[in-house]
Amino acid sequence: GKDEEVVGEKSSVKVQVTTNQYQNQNQPKKTEAELKREERTRKREERKRQLEKHEKEEAKRNQIDPQDIERLEQARNSYGDYKLKMSMDYIVPEKERVNAEKKQQQMILLENSIFNLKVDFNKKLEELKTIRKTSIIEMVKEKNQRIKEINKEL
């Protein structure tokens with residue numbers, strides 16, 4: 001059964017081929033210009049098919065994914081509205097506006113912090129002086145004690 005179908009298909013292909021060969025033999029030979037024209041037409045049609053295929057793929061790619069729309073909406077709802085300080089419609093909020101009173105408070109705080117830093121530095125310096133002074137005094141006492149011992153021996 002299967003062998004007969006295959007044989008039948010093969011024979012019909014042979015019949016088509018021989019029919020095409022017969023038609024080609026009976027047709028007058030085409031000139032070089034006609035062949036070039038057919039080639040250009042064929043290439044033009046191929047480019048047109050490729051362009052259509054590309055446009056279909058591009059249309060699929062350019063469609064906005066519903067998940068993306070949902071994510072964008074969520075981002076808009078969850079994040080604050082940030083305006084650029086350089087934009088013309090930017091208005092400084094009242095709490096961020098600088099006035100003389102705020103600057104005076106800043107100056108007082110800075111002066112206090114500078115004063116505290118100076119006091120701390122001076123305390124540490126005095127501690128170092130006393131430590132060094134005591135260490136020198138201790139060293140001198142030890143040397144004096146040693147001198148006394150040497151004088152006794154002499």
Given a cutoff of under 4.5 Å between side-chain heavy atoms of I, L, V, M, F, W and Y, with clusters grown through shared members, what are the other residues clustered with Met88?
none

Would one find more than 12 heavy atoms of other residues, nucleotides or ligands at under 6.0 Å from atom CD of Glu58?
yes

Quick one: salt bridge (Lys or Arg N to Asp or Glu O under 4.0 Å) partners of Lys36, sequence neighbours excluded?
Glu32

In the hydrophobic cluster built from side-chain contacts under 4.5 Å, what are the other members alongside Val119?
Phe115

Set of residues satisfying salt bridge (Lys or Arg N to Asp or Glu O under 4.0 Å) with respect to Glu57, sequence neighbours excluded
none

Who are the side chain to side chain donor-acceptor pair (under 3.5 Å) partners of Arg40, not counting sequence neighbours?
none

From Arg71 atom CZ to Gln67 atom CD, the distance as rounded to the nearest 0.5 Å:
5.0 Å

Non-neighbouring partners of Glu73 that pass salt bridge (Lys or Arg N to Asp or Glu O under 4.0 Å), sequence neighbours left out:
Arg76

Taking only residues two or more places apart in sequence, or in another chain, which ones meet Glu94 in a salt bridge (Lys or Arg N to Asp or Glu O under 4.0 Å)?
Arg97

Roughly how far apart are Glu38 CD and Lys43 NZ, rounded to 0.5 Å?
13.5 Å

Quiz: residues 124-141 side-chain donor-acceptor pairs under 3.5 angstrom, not counting sequence neighbours:
| unit_1 | atom_1 | unit_2 | atom_2 | d |
| --- | --- | --- | --- | --- |
| Thr130 | OG1 | Glu126 | O | 3.2 |
| Thr130 | OG1 | Glu127 | O | 2.8 |
| Thr134 | OG1 | Thr130 | O | 2.9 |
| Thr134 | OG1 | Ile131 | O | 2.8 |
| Ser135 | OG | Ile131 | O | 3.3 |
| Ser135 | OG | Arg132 | O | 2.7 |

Hey, could you give me the CE/CG distance between Met107 and Asn112, rounded to the nearest 0.5 Å?
11.5 Å

Is it true that atom CD of Glu70 has more than 12 heavy atoms of other residues, nucleotides or ligands lying nearer than 6.0 Å?
no

Go through the structure and list residues passing side chain to side chain donor-acceptor pair (under 3.5 Å) with Glu39, not counting sequence neighbours.
Arg42

Residue list, side chain to side chain donor-acceptor pair (under 3.5 Å) with Arg47, at least two apart or on another chain
none

Which atom of Lys102 lies closest to which atom of Lys95, heavy atoms considered
NZ-O, 2.9 Å

Rounded to the nearest 0.5 Å, what separation is found between the CG atom of Asn99 and the CD atom of Gln105?
8.5 Å

Quick one, Gln50 with Glu46, criterion side-chain contact (heavy atoms from CB on, under 4.5 Å). Give me CA distance, side-chain angles, the key distance, then yes/no.
CA-CA 6 Å; Gln50 287 177 352; Glu46 178 65 26; 3.4 Å; yes

Above 12 or not: heavy atoms from other molecules or residues under 6.0 Å from CD1 of Ile108?
yes

Could you give the side-chain donor-acceptor pairs of residues 143-154 under 3.5 Å, partners two or more places apart or in another chain?
none

Checking Glu111 now: which residues fulfil side chain to side chain donor-acceptor pair (under 3.5 Å) with it, not counting sequence neighbours?
none

